[in-house]
Amino acid sequence: MLHDTHAHLDLLLKQLGELKDGQLEINPSIIDNLLVQHDFTIQPTTDTDNFLNSYELLKSFEKIFFLLGSHPEIVKPGFNLAEYLESQREIVVKIESDTNMSQKVVGLGESGLDYHYTQDPEIVRDQIALFEEQLALGIKLKLPIVIHCRKAFKDLFNIIKEYPEMHGHFLVHCFTDDIDALKQVLRFGGKVAFGGISTFKSANELQEAIKF
């Protein structure tokens, strides 16, 4: 049996032509066939709207659990952090008051920092502020966090250092950095997951980290 801890099923369904934007119903047999060999799978999300849509679409499937996510790349010019956090607070109230939802939400993520496409100081500032809010929320809800981090490990470690209650309760998904970064993740009690980039011929540093 398979245990898939990070599967964007909504994106997969769109690629298969089974899901259009705004659609909240699908043929249940499609999911049943996809997950026939799974004990469970976890649906990460990228923002509050993506969480609500994914939850409504997939909540009836016993094998599917959810992460409440705030992906760093949602921070763009004009991003209203206060407004976004208010929409997240409304979801948290639902999670805390709805037994079914609280049992289905097993963590936060994906959330984190991504400086690959921009180093704009305002965007970096808001990414950091958003990530810090997710760590604080993880402590409040006693939930682990799945972290997306690309070209931002220095800031990531400086932030995580300030949240000791989350040490040992996070996973860096699709880890693509070197041994030194991996060692630092492990020092904080974190875990890492490796993705398809690890198979690239050019990924020498990552492959050495995997060997370690």
Side-chain angles (χ1 to χ4, degrees), residues 1-9 11-12 38-47 50 65-76 106-139 141-212:
M1 297 298 287
L2 302 174
H3 306 79
D4 197 333
T5 60
H6 197 104
H8 292 273
L9 291 169
L11 299 182
L12 175 58
H38 285 67
D39 266 347
F40 70 84
T41 186
I42 298 176
Q43 163 84 13
T45 55
T46 55
D47 60 26
N50 183 227
F65 297 86
F66 299 86
L67 303 179
L68 173 58
S70 297
H71 195 286
E73 288 185 318
I74 67 173
V75 179
K76 294 179 170 61
V106 295
L108 305 178
E110 49 191 288
S111 305
L113 306 172
D114 193 324
Y115 302 165
H116 181 68
Y117 292 112
T118 181
Q119 293 82 42
D120 180 283
E122 289 189 9
I123 290 179
V124 168
R125 180 199 65 203
D126 281 353
Q127 280 194 14
I128 289 172
L130 179 61
F131 180 49
E132 289 175 335
E133 289 284 348
Q134 306 314 300
L135 291 171
L137 183 59
I139 293 169
L141 298 178
K142 295 183 172 59
L143 289 175
I145 187 168
V146 172
I147 295 174
H148 171 106
C149 185
R150 187 161 52 165
K151 296 187 177 179
F153 276 99
K154 181 179 179 181
D155 283 354
L156 180 79
F157 295 139
N158 285 336
I159 294 167
I160 288 178
K161 180 172 61 179
E162 301 302 318
Y163 292 84
E165 289 173 271
M166 289 302 287
H167 295 180
H169 302 288
F170 70 92
L171 177 145
V172 179
H173 98 101
C174 200
F175 181 87
T176 56
D177 219 274
D178 58 18
I179 290 177
D180 289 339
L182 176 57
K183 287 180 178 179
Q184 189 75 338
V185 171
L186 298 177
R187 286 191 195 103
F188 286 118
K191 294 179 172 61
V192 296
F194 301 106
I197 292 173
S198 61
T199 67
F200 292 5
K201 291 181 179 179
S202 59
N204 296 321
E205 285 190 340
L206 175 58
Q207 289 162 7
E208 288 304 312
I210 293 171
K211 289 176 185 177
F212 171 81

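Since the structure is predicted, the reported quantities are computational estimates derived from the model, not experimental observations.
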Can you find a heavy atom in the side chain of K161 that is under 4.5 Å from one in the side chain of F188? yes
Between A7 and P44, the two heavy atoms sitting closest are O-CD, 3.4 Å
Side chains of I145 and L67, heavy atoms from C-beta outward: is any pair under 4.5 Å? no
The reported gap from NE2 in H116 to OG1 in T176 (rounded to nearest 0.5 angstrom) is 9.5 Å
Cation-aromatic face contact K183/F212, 6.0 Å, 45 degrees = yes
4.5 Å side-chain heavy-atom contact, Y115 and I123
no
Sorted by chain and residue number, the salt bridge (charged side-chain N to carboxylate O under 4.0 Å, His left out) partners of D4 (sequence neighbours excluded) come out as none
Of all heavy-atom pairs linking C149 and L156, the shortest is SG-CD2, 3.8 Å
**Report entry** Q184 side chain reached by R187 side chain, heavy atoms, under 4.5 Å
**Finding:** yes
- Does the separation of the ring centres of F153 and F175 fall below 6.0 angstrom? yes
### Query
Would you say D178 and E208 make side-chain contact, with heavy atoms under 4.5 Å?
no
When every non-hydrogen atom of L113 is compared with those of A152, the smallest separation belongs to CB-CB, 3.6 Å
### Task
Evaluate the side-chain proximity of F66 to I42: yes if any heavy-atom separation is below 4.5 Å, no if none is.
no
Looking at F131, is its backbone amide N or carbonyl O close enough to the side chain of S111 to form a donor-acceptor pair, meaning the two atoms are under 3.5 Å apart?
no
Using side chain to side chain contact (heavy atoms under 4.5 Å, CB included), reason through L108 and V146 one step at a time and then give a plain yes or no.
CA-CA 6 Å; L108 305 178; V146 172; over 6 Å; no
Steps toward side chain to side chain contact (heavy atoms under 4.5 Å, CB included) verdict (L206, D177) = CA-CA 6 Å; L206 175 58; D177 219 274; over 6 Å; no
Distance col, row Q127:CD vs K76:NZ, nearest 0.5 angstrom, shows 9.5 Å
- Ring centroid separation H71 to H148 under 6.0 Å: yes
**Q.** Sub-4.5 Å side-chain heavy-atom contact between R150 and E73
**A.** yes
Minimal heavy-atom distance between D155 and I128, with the atoms involved, is OD2-CD1, 3.9 Å
To the nearest 0.5 Å, atom CE of M166 lies from atom CG of L137 at 9.0 Å
Rounded to the nearest 0.5 Å, the CG atom of L2 sits from the NE2 atom of H38 at a distance of 4.5 Å
Any chance you could lay out the side chain to side chain contact (heavy atoms under 4.5 Å, CB included) test for V192 and L171, step after step, and finish with the verdict? CA-CA 5 Å; V192 296; L171 177 145; 5.9 Å; no
dist Q43:CD -> F65:CZ (nearest 0.5 Å) comes out at 13.0 Å
Decide whether H6 and E110 meet the rule of one side-chain donor and one side-chain acceptor closer than 3.5 Å. yes
Heavy atoms of S70 and Q134 approach each other most closely as OG-OE1, 3.5 Å
Checklist entry - Is it true that atom CD of E165 has more than 12 heavy atoms of other residues, nucleotides or ligands lying nearer than 6.0 Å? => result no
Mind running side chain to side chain contact (heavy atoms under 4.5 Å, CB included) on H167 and I160 for me, showing each step along the way? CA-CA 7 Å; H167 295 180; I160 288 178; 3.7 Å; yes
Minimal heavy-atom distance between T199 and Q207, with the atoms involved, is C-NE2, 4.3 Å
Worksheet item: Is there side-chain contact between V106 and L143, with at least one heavy-atom pair below 4.5 Å?
Response: no
